[in-house]
Amino acid sequence: MIYKDFQNLRLPMLGFGSMRLPLLPGGGDGDVDEAAVAEMVALAMERGANYFDTAYGYHNGNSERVMGRVLSRYPRESWLLASKFPGYDVSNIRPDRVEAIFEEQLEKCGVDYFDFYLFHNVYERNVGPYLDPDNRVLEYLLRQKEAGRIRHLGFSAHGSLAVIQRFLDAYGEYMEFGQLQLNYLDWDFQGARAKAEELNRRHIPIWVMEPLRGGRLARLSEKEAAPLKAMRPDETIPAWAFRFLQSIPSVTMVLSGMSDLEQMKANLDTFQTEAPLNEKEMDGLMEVAGGM
């Protein structure tokens with residue numbers, strides 16, 4: 001496993017995102033296959049990928065419950081858990097909801113503290129309410145941090161660069177990490193490059209979400225894949241997305257929403273070695289992205 005230094009921690013570069021957990025046959029999005037999740041977590045723990053990312057709304061609220069139950073089989077100090085305040089629903093951004101939701105999340109996960117906690121999905125519609133001091137979101141979360149119930153505070157963002165700058169101009173001194181949608185397709189197409197550069201400028205470590213663009217970058221056409229295969233014949237197509245991220249300064253954590261054991265095995269194999277792209281490979285990959 002590739003490890004990255006973050007403050008006093010040694011973090012695995014691959015994190016287990018729990019937004020796309022395996023489901024029971026015929027079930028809906030909330031019907032998580034807990035036995036399958038347990039098998040995946042066991043393999044992740046065995047191979048050093050002990051960072052687990054969940055959120056209030058994932059799998060109709062059941063992601064936190066399932067991850068909490070499965071992780072409870074292991075000593076608390078052996079794994080790192082991240083969750084998020086659901087401000088994507090603006091109606092939650094008010095003082096009474098902030099406290100109630102945070103307490104509910106701790107209970108659902110069966111923990112006394114979160115290793116990492118995020119303002120979830122900072123974007124155009126919620127950045128104002130997030131920053132409004134009357135809503136007391138930052139105030140409450142900083143109190144929880146002081147009490148040891150949040151070890152590290154950060155944010156995730158799908159909003160524009162201007163929104164991220166506005167958020168960080170106000171709260172940047174408190175943000176220990178920032179989670180961005182970052183992959184080689186969005187690098188220029190959705191301005192991910194500029195967002196990454198903004199976090200680098202502010203010395204905020206980067207966490208990555210959607211490294212495979214919802215699976216799109218794991219399923220290239222033969223035409224798209226051909227130039228990549230020519231440059232690295234033994235590299236899998238999904239691995240190119242991860243090698244790209246290994247080439248970006250300040251990327252500390254890459255979250256992959258793995259849905260089955262085979263995906264997890266493949267990703268763990270990729271993250272056994274660090275093999276960033278050289279200049280020629282990066283240019284070739286950007287050419288592929290430009291044609292997608």
Lys280 with Glu287: basic N within carboxylate O range, under 4.0 Å: no

Results of side-chain hydrogen bond (donor to acceptor under 3.5 Å, both in side chains) for [X] - residues two or more places apart only:
X	answer
Asp132	none
Glu107	none
Arg232	Glu235, Glu281

Measuring from [X]:[atom1] to [Y]:[atom2], what's the distance to the nearest 0.5 Å?
X	Y	atom1	atom2	answer
Arg213	Leu185	CZ	CG	4.5 Å
Thr54	Leu71	OG1	CG	9.5 Å
Ser72	Met67	OG	CE	11.0 Å
Met282	Met286	CE	CE	6.0 Å
Leu21	Asp31	CG	CG	12.5 Å
Met13	Thr270	CE	OG1	12.0 Å

Pair Phe244 + Trp187: ring centers closer than 6.0 Å: yes

With a 4.5 Å cut-off on side-chain heavy-atom distances among I, L, V, M, F, W and Y, is there a chain of contacts connecting [X] to [Y]?
X	Y	value
Leu245	Leu268	yes
Phe155	Tyr51	no
Met264	Leu14	yes
Leu142	Ile93	yes
Ile150	Met175	yes

Verdict with reasoning, Val137 to Arg97, per side chain to side chain contact (heavy atoms under 4.5 Å, CB included): CA-CA 9 Å; Val137 182; Arg97 291 293 291 155; over 6 Å; no

Cation-pi, Tyr117 ring and Lys145 (6.0 angstrom, 45 degrees): no

Can you find a heavy atom in the side chain of [X] that is under 4.5 Å from one in the side chain of [Y]?
X	Y	result
Leu277	Met231	no
Ser250	Leu199	no
Glu224	Leu217	no
Asn135	Val98	no
Gln144	Leu153	no
Ser63	Met19	no
Pro22	Asp260	no
Glu197	Arg201	no

side-chain contact (heavy atoms from CB on, under 4.5 Å) partners of [X], counting only residues at least two apart:
X	value
Glu103	Glu99, Leu106, Tyr140, Arg149
Gln7	His152, Glu176
Arg202	Gln165, Leu168, Asp169, Glu198, Ile204
Glu34	Val66, Arg69, Val70, Arg73

Looking at residues at least two apart in the chain, or sitting in another chain, which of them share a ring pair (Phe, Tyr, Trp, His ring centres under 6.0 Å) with [X]?
X	result
Phe16	Phe52
Phe177	Phe116, Trp207
Tyr130	Phe119

Candidate pair Glu262 and Lys265, rule salt bridge (charged side-chain N to carboxylate O under 4.0 Å, His left out), full reasoning: CA-CA 5 Å; Glu262 291 309 309; Lys265 287 178 180 177; 3.7 Å; yes

Count the heavy atoms belonging to other residues, nucleotides or ligands that lie under 6.0 Å from [atom1] of [X], then report whether that count exceeds 12.
X	atom1	result
Asp112	CG	no
Tyr123	OH	yes
Arg125	CZ	no

To check you understand the geometry: which heavy-atom pair defines the closest contact between [X] and [Y], and what is its length?
X	Y	answer
Leu131	Ala170	CD2-CB, 3.8 Å
Ser18	Tyr58	O-CD1, 3.6 Å
Ala196	Leu182	CB-CD1, 4.0 Å
Met40	Met258	CE-O, 3.5 Å
Met1	Arg47	CB-O, 3.7 Å
Asp115	Leu80	OD2-CA, 3.3 Å

Donor-acceptor contact present, side-chain Asn62 to main-chain Gly30, <3.5 Å: yes

Expected output: side-chain Asn183 to main-chain Ala241 donor-acceptor under 3.5 Å: no

Derivation and outcome, side chain to side chain contact (heavy atoms under 4.5 Å, CB included), residues Val32 and Arg65: CA-CA 10 Å; Val32 177; Arg65 295 186 182 93; over 6 Å; no

Sequence neighbours excluded, every pair satisfying ring pair (Phe, Tyr, Trp, His ring centres under 6.0 Å) that has a member inside residues 255-291: Phe242-Phe271

Inter- and intrachain pairs under ring pair (Phe, Tyr, Trp, His ring centres under 6.0 Å), touching residues 70-90, at least two apart: Tyr88-His120

Test log, rule side chain to side chain contact (heavy atoms under 4.5 Å, CB included), inputs Asp53 and Met209: CA-CA 10 Å; Asp53 171 90; Met209 54 186 168; over 6 Å; no

Test side-chain hydrogen bond (donor to acceptor under 3.5 Å, both in side chains) applied to Tyr56 and Glu104, Gln105, Glu64, Lys108, the passing residue: Glu104

CA sep, side-chain torsions, deciding dist, call: Lys4, Met253, side chain to side chain contact (heavy atoms under 4.5 Å, CB included): CA-CA 8 Å; Lys4 297 288 184 177; Met253 171 65 59; over 6 Å; no

